[in-house]
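As structure tokens, the structure follows; a few thoughts come after it.
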Number of protein chains: 2
Amino acid sequence: MPLPQTEIPGRLQMQLAERGIRMTGPRRAILSVIETATKHLDATQILRKARTLDASVDRSTVYRTLDLLKRQGLIDELDLMHLNGEGHYYERKLGRDHIHMACLRCGKITEFVSKTFESLKKQLERDCNFHIVVARLEVGGYCSACRH
Amino acid sequence: MPLPQTEIPGRLQMQLAERGIRMTGPRRAILSVIETATKHLDATQILRKARTLDASVDRSTVYRTLDLLKRQGLIDELDLMHLNGEGHYYERKLGRDHIHMACLRCGKITEFVSKTFESLKKQLERDCNFHIVVARLEVGGYCSACRH
DNA sequence: ATCTGTAATGCGACTCAGTCGCAACACAAT
DNA sequence: ATTGTGTTGCGACTGAGTCGCATTACAGAT
Ligand SMILES: [Mn+2]
Ligand SMILES: [Mn+2]
Ligand SMILES: [Zn+2]
Ligand SMILES: [Zn+2]
């Protein structure tokens, strides 16, 4: 994750509260997992971790909560080049977007913040008259350790 | 598709032949479908169309051929924001990459070629010492007709 | 503190995309 | 024509994600 841990835990809960969205036990568990994640997690991993906080959490609740957070623009969904199966990965959405690079050999995920990326998005909005809600740039290739 | 139809039909078959890859009936049907497509197709659509050319084509052969073409760098795989289900879409890879914008309201897919995108990729390769094989920029938002 | 309408949950069954092992087959080189 | 190897169809399977429904729990009102 590209973010400093200066984040207040519980921030996601606050953002939902501000929008008048109900808070529940399972939701708190899931939000907490997402907030404290140190890497990109898929739905199954989120379920497993959430269950250590609230053993009753169900798989469908995880998916429903992920949908809610996506609709609210609070998380991003990633493919990470589908290096391991067909599932998706999730991460909190924070101020600046970043690019994901996945090494096709060692699987390492690298993140990168780029001013050029920001310009590109602005250019898109202007030239195509398109209002961007979410932008995902995912790259596959070979990292510095694996290139030949 | 952003490409002029100045393409020779059969080009994909040639590219595989050049690489010493065997040509078969089912493969010819699938390649022909991909080559003559006028929009992004998913595996099920490719199967259905391929069967009009060779009725025996099986679903697994479609997936195996798509994998082959991906490995050979001849097609790109897209999510198109998973607007309709969890499947993936495919298109021939041609010289210049392009960006895909999906309207979250009407579902329209817009393509855009950008010099800034090319610079961004170069910047990534340089700054991150990463060798890019495939780069996918997919954007979700509201098109000119749907923005409010 | 209790009541109450509505939103969220667990459960189980289901759909759908994609994969895999294997026996039969077909390509292309000799 | 023969042959080895790559490819195919088939069918069974996995795993991600969805859905309907009866039950539960939240939060605002009393
Ligand atoms: Mn995907
Ligand atoms: Mn395209
Ligand atoms: Zn690597
Ligand atoms: Zn639209």
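All values below were derived from every heavy atom in this structure, side-chain atoms included, with hydrogens, water molecules and symmetry-related copies excluded. Chain identifiers are assigned alphabetically (A, B, ...) following the order of the sequence lines, protein sequences preceding nucleic acid strands; residue numbering begins at 1 within each chain.
Among pairs with a residue in residues 114-138 of chain A, none fulfils ring pair (Phe, Tyr, Trp, His ring centres under 6.0 Å), at least two apart in sequence or across chains. Sorted by first and then second residue, the salt bridge (charged side-chain N to carboxylate O under 4.0 Å, His left out) pairs involving residues 134-148 of chain A (not counting sequence neighbours) are Asp79(A)-Arg136(A), Arg136(A)-Glu138(A), Arg136(A)-Asp79(B). The salt bridge (charged side-chain N to carboxylate O under 4.0 Å, His left out) contacts involving residues 53-75 of chain A comprise Asp67(A)-Lys70(A), Lys70(A)-Glu77(A), where partners must be two or more places apart or lie in separate chains. Listed by first and then second residue, the ring pair (Phe, Tyr, Trp, His ring centres under 6.0 Å) pairs that reach into residues 52-75 of chain B come to none, sequence neighbours excluded.
When distances run from any side-chain atom of Arg59(A) to the nucleotides dG9(D), dT19(C), dA13(C), the shortest one goes to dA13(C). For His88(A), whose side chain is taken as the heavy atoms from C-beta onward, the closest listed nucleotide among dT19(C), dG17(D), dT9(C) is dG17(D).
The C1' atoms of five pairs define one axis at each end of the helix from dA1(C)-dT30(D) to dT30(C)-dA1(D), and these two axes lie 30° apart (to 10°).
Put simply, CG on Asp67(A) is 16 Å from P on dA16(D), counting in whole angstrom units. Rounded to a whole Å, the CG atom of Leu80(B) is 16 Å from the C1' atom of dA17(C). Rounded to whole Å, atom C1' of dC13(D) lies 15 Å from atom CD of Glu86(A). Distance OH (Tyr63(B)) to P (dC10(D)): 16 Å, rounded to an integer number of Å. With rounding to whole Å, Leu31(A) atom CG is found 13 Å from dA8(C) atom C1'. With rounding to whole Å, Tyr89(A) atom OH is found 13 Å from dG15(D) atom C1'. Between Arg27(A) atom CZ and dT9(C) atom C1' there is a gap of 10 Å when expressed in whole angstrom units. In this entry the distance linking CG of Leu41(A) with P of dA16(D) reads 14 Å, nearest Å.
Heavy-atom distances to DNA chain C give each of Val57(A) and Asp42(B) a nearest nucleotide, and the one nearer the 5′ end belongs to Val57(A).
Every residue meeting the ring-ring contact (aromatic ring centres under 6.0 Å, His included) condition with Tyr142(B), not counting sequence neighbours, appears here in chain and number order: His148(B). By the ring-ring contact (aromatic ring centres under 6.0 Å, His included) test, His82(B) is found to be paired with His88(A), His88(B), residues two or more places apart in sequence or in another chain being considered. The side-chain hydrogen bond (donor to acceptor under 3.5 Å, both in side chains) search around Lys49(B) returns none, not counting sequence neighbours. Partners of Thr116(A) by side chain to side chain contact (heavy atoms under 4.5 Å, CB included), not counting sequence neighbours, listed by chain and number: Ser114(A), Thr116(B), Leu120(B), Gln123(B).
At least one side-chain heavy atom of Leu66(B) sits less than 4.5 Å from a side-chain heavy atom of Ile46(B).
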Under 3.5 Å, sequence neighbours excluded: what are the donor-acceptor pairs made by side chains of residues 14-22 of chain B?
residue, atom, partner, partner atom, Å
Arg19(B), NE, Gln15(B), O, 3.3
Arg19(B), NH1, Gln72(B), O, 3.0
Arg19(B), NH1, Gln72(B), OE1, 3.1

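A distance of 10.0 Å separates OG in Ser144(B) from CE in Met101(B), rounded to the nearest 0.5 Å.
A heavy atom closer than 4.0 Å to some atom of DNA chain D occurs in Thr44(A), these being the qualifying members of residues 44-56 of chain A.
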(request) Would you mind building the protein contact string for nucleotides 19-30 of chain D? One character per nucleotide, 5' to 3', B for base within reach (heavy atoms under 4.0 Å), S for sugar-phosphate only, - for untouched. (result) BB----BBS---
